[in-house]
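Only this structure's heavy atoms are used, side chains among them; waters, hydrogens and symmetry mates stay out. Residue numbers begin at 1 in each chain, while the letters A, B, ... track the order of the sequences.
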Amino acid sequence: MARKVSASFQGVSIADVDADAPSFRRAIEDSVGDEAYVFDALTGENGVDTSKIINHTGNVRGCPLGVPLVNQYFGRQLTLSTPSTKDTHGGTGELVLAPYILPLPAVETGFMVVVVMTDFNERLLDEDTGQGKVRVFDTTMTQVAEVPLVFIDFDGFFMAQALVEGLTPNARYVLFPILRTDSPNLTSGATVDLGKLQSVTVHYLREGSVSAPSRNSANNFGVWTPAATEGLAHRDFHTSVLANLEAIAGDITAGLNRNLNSDEEYTDAWPAGGNLSYTHVDHDGSGNPDAVNPARSRFHAHTRSLYANEGEVPFAVFAASLGTLLYLPSDNTAKFSVELVEPPVDGLTTFYAPWMKTVDVTELMKLHGVLPDFPAGASSKLKMAVFIISDASANVDQWTVACKTGAGSSAGATPAAMDASDTWWLATDTAIDFTPDDAQEMTLLVERAGSLGPIGEAAFAAFCLYFDP
Amino acid sequence: MTSKVASGDSLPDDVFRSQKSADPRVIRSLAGRTRIRYERATGRNPVLGEPPASGLNPQGIVGHDHSGPPWGAAILHPVAWLVGIAPNSADIQSGYFAARDAIVDDSARALGPWVIWQRPHAPLPSPAIAPYSRLYLYVRAFTDAGTSDLTVALRSRQLFSAQSISRTSTMGTVSTTEGALFKEDAYVDMVPGYNRIDLSLSGSHASNEITLVCAALCQIVKLTH
């Protein structure tokens with residue numbers, strides 16, 4: 001059966017719907033075809049070309065979601081103890097306040113970095129510019145951006161912003177918000193109170209203004225009401241029926257009208273035409289309402305619970321910095337922000353990228369929160385990236401990182417060197433199972449094969465959890 | 001390209017039960033709404049040189065963005081977080097944990113200022129409450145001995161604004177076994193853009209100290225609160 005569907009949007013000329021215009025078959029035919037295109041793109045049904053399926057990656061595939069990448073609270077007092085010789089662990093260099101590994105989705109080419117501090121020590125800023133800076137690297141630790149981080153006294157605290165632009169979409173980046181500890185204003189051997197790191201935010205620059213939608217006092221507009229086991233009961237129209245249309249048939253226009261109303265409620269998640277109440281409801285597959293991981297999610301939300309080929313979306317869950325490190329721009333290498341003893345005495349001893357004192361499986365970092373209603377199990381597109389620093393020639397690849405969620409622990413991943421310095425490492429774990437649409441722990445697990453290596457073998461600096469189809 | 005129909009009021013079913021199907025206004029509605037549906041689904045204005053028919057979403061661009069009705073069902077996820085280094089100082093060398101100590105005892109411990117950027121979202125007509133207009137608190141905590149009830153005072157305000165909204169919630173009982181706490185009244189009100197959050201945590205027991213392992217402010221509903 002030749003189903004009527006547009007290959008691309010046709011639209012109807014305003015001349016064809018002028019008040020005195022006859023009712024043209026082409027107007028109905030093109031509208032039917034365009035609506036079918038929309039239905040297929042939203043649901044992935046009818047063998048639609050995958051290049052049209054809505055997954056929020058831009059072009060005709062849906063607008064970007066704009067979910068912020070970082071909103072992390074620290075509340076950490078930063079105290080630098082006896083900073084010593086430049087370019088040594090615990091010494092002086094560019095102090096990376098909070099390193100991040102970030103998944104930048106499709107369409108996005110930059111972001112705004114915001115750092116909030118209290119009791120800020122202005123001697124941390126560059127002696128020439130009076131600013132900090134933000135450096136951004138790709139996953140080969142090649143710098144791709146460097147912008148000023150400008151602090152201002154603001155609403156009772158210090159707030160700094162840096163706008164990063166010109167990045168390549170659909171890639172991961174390392175972000176370094178930096179203060180300088182090698183300022184000549186800092187006396188070697190002194191203990192310096194640097195202030196309190198309160199929070200870091202990384203978000204996209206988009207802002208609009210919308211008003212609340214309307215709501216009627218009754219359900220005036222009809223929406224298809226499928227059975228509990230059905231999809232949206234979309235009405236299809238045969239090309240021959242439309243091609244041979246002599247007079248505008250109410251059967252076709254009424255069917256198209258309901259298709260549009262159903263599309264509206266499905267896509268917008270708001271009653272069609274401002275109806276008083278929803279026609280659709282998420283349910284357990286038997287028609288009983290189910291708000292948590294429903295077997296039938298009747299709203300377009302990339303759950304694949306209603307349509308198996310519905311688009312899956314890139315979605316950042318959270319990105320966390322685990323502690324400070326030092327960056328040496330002279331040779332693009334990492335140094336620890338503390339002296340390598342246990343416990344550290346010199347350096348930024350109150351907040352530094354942690355390292356392990358055991359080879360056993362250890363819960364290093366955790367967060368408890370909700371995860372989206374996306375496909376899980378063998379279909380999970382949930383991934384984890386861990387950013388690690390080390391002394392050169394360290395056996396970082398003897399470590400394994402994994403993620404534990406409400407559905408158990410992932411398979412685990414081995415870090416790989418990001419560049420020839422062997423001081424930057426990245427581990428990525430994929431297909432992480434989780435409990436959809438529900439609260440659960442999200443824990444970073446760390447273990448090592450064999451015996452424990454020397455201090456400085458690996459320090460875990462940043463973590464991110466994200467969906468990446 | 002010739003201008004395409006860009007508007008259309010919704011039509012009730014009874015329009016199609018009469019002779020009105022051929023009415024140009026009916027055709028205009030169907031064609032105009034089809035264009036709106038295309039834009040809302042794809043995020044693309046198909047007609048160059050014309051403004052979009054569907055209007056701009058809360059981000060100021062075309063298309064549904066899952067920021068909550070009527071711009072698509074909202075997605076459940078953490079919006080802001082305080083991650084914890086697990087309480088295992090024998091196995092982990094971390095200034096983070098060593099400096100944290102006990103966050104609360106019977107005197108309040110303040111967390112903040114916490115500046116959070118909340119994604120733009122649309123308001124909803126009363127009594128509906130937009131999904132991203134509230135973030136709910138999840139915490140994990142444990143005590144050094146016995147039990148203690150964790151109470152949290154939450155305050156939020158738009159950055160620069162002098163007006164804040166406050167509430168207090170007794171989230172539950174914390175024991176020596178680390179566990180998660182959630183309470184329906186432990187949430188902060190949010191506006192699009194920069195928000196300032198301040199939390200104050202306290203325990204009910206004078207000597208049983210609570211350690212806060214981690215905390216997350218999450219978006220937890222798809223349609224409305």
Side-chain angles (χ1 to χ4, degrees), chain A residues 9 11-14 17 21 23 27 31 34-35 38 42 60 62-63 65-66 68 71 73 116 157 199 201 203 206 208 210 212-213 215 220-222 248 250 253-254 256-257 260 263 267-270 273 299 301 318 320 342 349-352 354-355 357-358 362-363 365 367-370 372, chain B residues 2-5 10-13 16 21-22 24 27-28 30-31 33-34 37-38 40-44 46 56 58-61 63-65 69-70 73 75-76 78 80-84 86 91-95 99 111 113-117 119 122-125 138 140 180 214 216 218 220:
Chain A
F9 180 79
V12 173
S13 167
I14 58 172
V17 295
S23 299
S31 295
D34 288 346
E35 190 280 327
V38 170
L42 288 169
V60 296
C63 76
L65 298 180
N71 273 316
Y73 178 76
V116 174
F157 48 81
S199 64
T201 295
H203 65 89
R206 275 194 288 275
V210 296
R215 201 135 197 195
N220 300 321
F221 307 110
I248 302 298
T253 55
L256 176 59
N257 181 60
L260 290 169
D263 289 344
T267 306
D268 299 355
W270 187 249
F299 300 98
F318 78 96
E342 294 175 352
T349 55
T350 54
F351 183 48
Y352 53 91
W355 64 82
K357 296 193 286 185
T358 177
T362 303
E363 296 179 340
M365 177 225 76
L367 186 69
H368 198 98
V370 292
Chain B
T2 306
S3 291
K4 302 292 185 180
V5 177
S10 298
L11 297 172
D13 289 345
F16 305 93
S21 290
I27 311 303
R28 175 186 289 272
L30 296 176
R33 286 154 57 207
T34 301
R37 287 297 104 212
Y38 176 87
R40 200 56 84 87
T42 67
R44 189 175 190 180
L56 301 180
Q59 295 184 70
I61 56 179
H64 74 286
D65 65 358
I75 295 172
L76 276 59
W81 46 87
L82 185 171
V83 300
D91 294 336
I92 303 170
Q93 187 62 58
S94 168
L111 302 183
W114 187 353
V115 174
I116 296 172
W117 190 87
R119 63 181 304 198
L124 292 178
Y138 290 82
R140 294 185 73 90
C214 58
C218 296
I220 68 167

Can you name the side-chain hydrogen bond (donor to acceptor under 3.5 Å, both in side chains) partners of B:D65, sequence neighbours left out? B:Q59, B:S67
Between [X] and [Y], what is the shortest heavy-atom contact and its length?
X: A:S199; Y: B:W114; value: CB-CD1, 3.9 Å
X: A:V38; Y: B:A41; value: CG1-CB, 3.9 Å
X: B:A73; Y: A:F299; value: CB-CB, 4.3 Å
X: B:I75; Y: A:P372; value: CG2-CB, 3.5 Å
X: B:R119; Y: A:P68; value: CB-CD, 4.3 Å
X: A:V210; Y: B:A122; value: CG2-CB, 3.3 Å

So how far is it from [X] [atom1] to [Y] [atom2], rounded to the nearest 0.5 Å?
X: A:L256; Y: B:I27; atom1: CG; atom2: CD1; value: 9.0 Å
X: A:S31; Y: B:R28; atom1: OG; atom2: CZ; value: 12.0 Å
X: A:L42; Y: B:H64; atom1: CG; atom2: NE2; value: 6.5 Å
X: B:R33; Y: A:E35; atom1: CZ; atom2: CD; value: 10.0 Å
X: A:W355; Y: B:I92; atom1: CH2; atom2: CD1; value: 12.5 Å

Assert top hit (heavy-atom pairs under 4.5 Å, partner chain A, pool B:G63, B:P70, B:G60) equals B:P70
Go through B:C218, B:A180, B:P125 and name the one with the most non-hydrogen pairs under 4.5 angstrom from chain A. B:P125
Donor-acceptor pair, [X] side chain versus [Y] backbone, under 3.5 Å?
X: B:R44; Y: A:V60; result: no
X: A:N257; Y: B:L11; result: yes
X: A:N71; Y: B:W117; result: yes
X: A:T267; Y: B:R37; result: no

Under 4.5 Å from any heavy atom of chain B - which part of [X]:
X: A:F318; answer: both
X: A:L65; answer: both
X: A:D263; answer: both

Counting C-beta onward and ignoring hydrogens, is there a side-chain heavy-atom pair between [X] and [Y] closer than 4.5 Å?
X: A:L367; Y: B:W81; value: yes
X: A:F9; Y: B:T42; value: no
X: A:D268; Y: B:P69; value: no

Region of B:L56 in contact with chain A, defined by heavy-atom distances below 4.5 Å: backbone
Option in A:G66, A:G273, A:P213 with maximal non-hydrogen atom pairs under 4.5 Å from chain B: A:P213
Most contact-rich option vs chain B, by heavy-atom pairs under 4.5 angstrom, among A:A301, A:A27, A:A320, A:P354, is A:P354
So which of B:L111, B:I116, B:V115 actually passes side-chain contact (heavy atoms from CB on, under 4.5 Å) with A:Y73? B:L111
